[in-house]
Amino acid sequence: MNTPLRRASLAILLLLTFLPLSLAGQERTLGPTPQQIRARKLADQWRGKKVIFIIESGDDIVGRPVKATFYSLTLDVNGRRIVLPIDTLSAAILRPGPPELMLSAVAGILGGALGYGAVELTIPTATSGQIQTAAAVTGILATVWGLRTFYRKIRYDLKGE
């Protein structure tokens with residue numbers, strides 16, 4: 001039962017089971033780099049918005065993303081289409097706009113209302129001038145806080161360094 005032919009056929013079957021079906025003859029190409037993925041995702045999210053792209057040489061290009069692939073980015077710069085290789089981009093900056101300004105104003109209004117309510121509730125003998133002064137001071141402080149928090153440039157480092 002335990003013949004050499006049987007042992008040889010069992011060895012061949014085990015060898016074929018554990019050998020890969022194909023051997024790599026060349027290196028595989030890698031997928032997109034993290035920089036390419038970041039740039040494409042940001043360009044897709046910011047399509048139509050004015051964005052500042054900083055290239056490796058330090059120059060900046062202001063434009064609106066139109067189309068993005070893993071290898072190139074098409075921008076609309078003053079009605080002209082420019083294609084940039086994504087590997088040359090180092091950062092992207094998004095400027096604040098009206099929504100951020102409105103958030104800052106809402107923060108100021110809420111701060112003023114909180115100051116008014118705090119003085120009204122805690123000091124029963126406060127005059128209307130004192131209440132208005134407290135509301136104005138807290139409103140101004142809350143507006144400054146809102147501007148520093150919401151109304152600033154957002155910078156994305158595309159290189160990931």
Side-chain angles (χ1 to χ4, degrees), residues 20-22 24 26-161:
L21 295 176
S22 66
Q26 62 185 16
E27 293 181 18
R28 292 183 184 170
T29 58
L30 299 175
T33 64
Q35 177 186 6
Q36 292 169 334
I37 293 170
R38 281 188 204 108
R40 181 174 178 194
K41 185 176 180 182
L42 292 176
D44 286 339
Q45 289 176 349
W46 294 346
R47 184 167 286 136
K49 294 182 181 178
K50 198 175 242 185
V51 180
I52 303 169
F53 288 97
I54 300 173
I55 55 178
E56 288 178 339
S57 65
D59 296 334
D60 55 340
I61 299 172
V62 180
R64 299 177 192 278
V66 176
K67 181 179 148 189
T69 66
F70 285 121
Y71 304 103
S72 66
L73 174 68
T74 305
L75 292 176
D76 180 17
V77 179
N78 299 328
R80 206 177 73 206
R81 298 284 168 106
I82 295 177
V83 178
L84 296 172
I86 286 186
D87 293 336
T88 63
L89 300 176
S90 62
I93 299 173
L94 185 64
R95 290 183 180 156
E100 289 81 12
L101 191 60
M102 287 181 9
L103 278 173
S104 301
V106 167
I109 292 168
L110 288 175
L114 286 173
Y116 180 88
V119 171
E120 180 74 30
L121 291 174
T122 56
I123 305 173
T125 59
T127 64
S128 64
Q130 292 171 331
I131 294 173
Q132 290 173 354
T133 302
V137 168
T138 56
I140 290 170
L141 291 175
T143 302
V144 169
W145 172 81
L147 287 172
R148 287 187 174 184
T149 303
F150 301 116
Y151 198 76
R152 60 181 177 173
K153 293 180 183 178
I154 300 171
R155 180 186 172 101
Y156 290 96
D157 184 26
L158 298 175
K159 292 280 188 186
E161 298 170 348

Review point. Given Leu42 and Leu158, is the side chain to side chain contact (heavy atoms under 4.5 Å, CB included) satisfied, shown in steps?
Key: CA-CA 9 Å; Leu42 292 176; Leu158 298 175; 3.5 Å; yes
Are [X] and [Y] side-chain neighbours, meaning at least one heavy-atom pair lies under 4.5 Å?
X      : Y      : result
Tyr71  : Ile86  : no
Thr69  : Gln36  : no
Leu147 : Leu101 : yes
Pro65  : Thr74  : no
Leu114 : Thr138 : no

What distance do [X] atom [atom1] and [Y] atom [atom2] have between them, rounded to the nearest 0.5 Å?
X      : Y      : atom1 : atom2 : answer
Ile109 : Ser104 : CD1   : OG    : 11.0 Å
Ile61  : Thr88  : CD1   : OG1   : 7.5 Å
Arg81  : Asp76  : CZ    : CG    : 5.5 Å
Tyr116 : Thr133 : OH    : OG1   : 12.5 Å
Phe53  : Leu75  : CZ    : CG    : 5.5 Å
Ile154 : Ile52  : CD1   : CD1   : 12.0 Å

Minimum heavy-atom separation for [X] to [Y], with atom names?
X      : Y      : result
Arg64  : Lys50  : NH1-N, 3.5 Å
Ala91  : Arg155 : CB-NH2, 3.5 Å
Val51  : Ala92  : CG1-CB, 4.3 Å
Ser90  : Asp157 : O-OD1, 3.0 Å
Gly108 : Thr143 : CA-OG1, 3.1 Å
Ala107 : Ala142 : O-CB, 3.2 Å

Point to revise | Heavy-atom donor-acceptor pair, Glu100 side chain to Arg95 backbone, under 3.5 Å | key: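 No, because the side chain of Glu100 does not come within donor-acceptor range (under 3.5 Å) of the backbone of Arg95.
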**Study point:** Heavy-atom donor-acceptor pair, Arg47 side chain to Val66 backbone, under 3.5 Å
**Key:**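 Flag set: sc Arg47 to bb Val66 pair under 3.5 Å.
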Check your understanding: So does Phe150 have more than 12 non-hydrogen atoms from other groups sitting under 6.0 Å from CZ?
Key ->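 Atom CZ in Phe150 is crowded, with more than 12 foreign heavy atoms closer than 6.0 Å.
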Check your understanding: Heavy-atom count around Arg148 CZ within 6.0 Å, excluding the residue itself: above 12?
Key ->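 No, the 6.0 Å shell around CZ holds no more than 12 heavy atoms from other groups.
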Review point. Would Trp46 and Tyr156 count as a ring pair (Phe, Tyr, Trp, His ring centres under 6.0 Å) if you check the C-alpha gap in whole Å, the side-chain angles of each, and the deciding distance to 0.1 Å?
Key: CA-CA 12 Å; Trp46 294 346; Tyr156 290 96; 5.1 Å; yes
